[in-house]
Amino acid sequence: MAWLLELKEPSSPAKYCFVSVDAFTNDLKKLGVPTSASGAKFQIPVKNGVILSNVPGVPTGPAGDALNLEFWPDNYGPANTAAVPGASDAEYDTGDQISELVDGYGSMQVNHHGSNTTLIAINHWVVGPQADIGIGNSPGQTKDWTFTQNASGYLYKRLRVLVKMK
């Protein structure tokens with residue numbers, strides 16, 4: 001399975017990040033934006049990752065088992081209670097803590113914990129144009145784009161979810 005996020009700012013070429021991993025669920029509705037209706041809630045490492053991107057600072061090529069997912073519709077905080085390698089307990093990054101408020105802030109992140117890099121992030125999607133979205137680490141106060149409210153700054157935002165059916 002794979003995700004492809006494309007973002008186009010007004011005065012720049014389109015940015016993209018493609019990440020493929022081994023299947024971790026057979027439930028297709030849990031692979032997109034993790035709403036409470038989808039039932040998706042994953043804070044897991046994934047295997048056999050491959051990354052392709054044109055964004056500086058994003059690692060590319062085979063990633064092996066150095067990727068992890070943070071997919072949930074809940075609120076979250078910066079504590080690294082899942083013990084994600086290299087993640088901080090004090091800042092929003094590749095290892096955050098799920099809070100139990102369903103339909104809260106929401107996180108859809110594919111992370112490279114080997115380099116502590118957020119590859120793909122879509123957070124707080126319920127606010128539409130004020131959602132947090134990005135590829136690579138945010139240049140702001142949070143590496144994973146949390147609280148950036150930057151979605152309206154893109155001409156287009158496109159997420160594709162790809163699966164190989166047997």
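Note that this is a predicted model, so its numbers are computed, not measured.
A pairwise comparison of heavy atoms in Val84 and Thr94 identifies CG1-O, 3.7 Å as the closest pair. Met1 approaches Ala23 most closely through the heavy-atom pair CE-CA, 3.4 Å. Nearest approach of Pro73 to Ala40, heavy atoms of both residues: CD-O, 3.5 Å. Annotation for Trp72 and Tyr76: closest pair NE1-CD2, 3.3 Å, computed over non-hydrogen atoms. Counting all heavy atoms, side chain and backbone alike, Pro59 lies closest to Ser115 at CG-OG, 3.6 Å. Heavy atoms only, all atoms of each residue included: Val58 and Ile51 are closest at CG1-CG2, 4.1 Å.
Contact annotation: the side chain of Val21 approaches that of Leu67 to within less than 4.5 Å [non-hydrogen atoms, C-beta and beyond]. Side-chain contact check for Phe42 versus Phe24: some heavy-atom pair is nearer than 4.5 Å. Between Trp3 and Leu162, every side-chain heavy-atom pair lies at or beyond the 4.5 Å cut-off. Contact annotation: the side chain of Pro139 approaches that of Trp145 to within less than 4.5 Å [non-hydrogen atoms, C-beta and beyond].
Rounding to the nearest 0.5 Å places CE of Met108 at 14.0 Å from CG of Asp144. Here the CG-CD1 distance, from Leu7 to Ile120, works out to 9.0 Å after rounding to the nearest 0.5 Å. If you take CD on Gln97 and OH on Tyr92, they are separated by 10.0 Å, rounding to the nearest 0.5 Å. Taken to the nearest 0.5 Å, the CZ atom of Phe71 stands 8.5 Å off from the OG atom of Ser107. For the atom pair NE2 (His112) and SG (Cys17), the distance works out to 10.5 Å, reported to the nearest 0.5 Å. Atom OG1 of residue Thr81 and atom CD1 of residue Ile98 lie 7.5 Å apart, to the nearest 0.5 angstrom.
Judged purely by atom type and a 3.5 angstrom limit, Asp103 has no side-chain atom pairing as donor or acceptor with the backbone of Asp74. Between the side chain of Asn80 and the main chain of Ala83, a donor-acceptor pair closer than 3.5 Å is present. Side chain of Thr118 to main chain of Ala121: no donor-acceptor pair is present (N/O by atom type, distance under 3.5 Å, no hydrogens or angles). Of the possible polar contacts, one joining the Lys8 side chain to the Ser12 backbone as a donor-acceptor pair under 3.5 Å is found. Of the possible polar contacts, none joining the Lys143 side chain to the Thr117 backbone as a donor-acceptor pair under 3.5 Å is found. Counting only distance, with no hydrogens or angles, the side chain of Asp132 and the backbone of Phe147 share a donor-acceptor pair below 3.5 Å.
Contact check on Lys41 versus Glu70 returns no salt bridge, with no Lys/Arg side-chain nitrogen under 4.0 Å from an Asp/Glu carboxylate oxygen. Salt-bridge formation is not detected for the pair Lys15/Glu6: no Lys NZ or Arg NE/NH1/NH2 atom is positioned less than 4.0 Å from an Asp or Glu carboxylate oxygen.
With hydrophobic clusters built from ILVMFWY side chains whose heavy atoms lie under 4.5 angstrom apart, Val55 shares a cluster with Ile133. With hydrophobic clusters built from ILVMFWY side chains whose heavy atoms lie under 4.5 angstrom apart, Ile122 shares a cluster with Leu31. Linking ILVMFWY residues whenever their side-chain heavy atoms come closer than 4.5 Å, directly or via other members, places Val161 and Leu28 in the same cluster. The hydrophobic clustering, which links ILVMFWY residues whose side-chain heavy atoms are closer than 4.5 Å, places Leu69 and Val102 apart.
Defined by atom type and a distance below 3.5 Å, a donor-acceptor pair is missing between the side-chain atoms of Thr25 and Asp27. Asn123 and Gln109 share a donor-acceptor pair across their side chains, judged by distance under 3.5 Å alone.
Each of Asn137, Leu5, Ile135, Val19 was evaluated against Leu119; a single residue qualifies, Val19, per the side-chain contact (heavy atoms from CB on, under 4.5 Å) test.
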Go through the steps for Val46 and Asn68 under the test side-chain contact (heavy atoms from CB on, under 4.5 Å), then give the verdict.
-> CA-CA 6 Å; Val46 288; Asn68 63 291; 5.9 Å; no

Between Leu159 and Val33, is a side-chain contact (heavy atoms from CB on, under 4.5 Å) present by the stated rule, with each step listed?
-> CA-CA 9 Å; Leu159 174 67; Val33 176; 4.2 Å; yes

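The number of heavy atoms from other shown groups lying within 6.0 Å of CG (Asp22) is above 12.
The stretch residues 113-140 participates, sequence neighbours left out, in these ring-ring contact (aromatic ring centres under 6.0 Å, His included) pairs: Tyr105-His124.
Grouped with Leu155 in a hydrophobic cluster is no other residue, since no side-chain heavy-atom contact under 4.5 Å to another Ile, Leu, Val, Met, Phe, Trp or Tyr is found.
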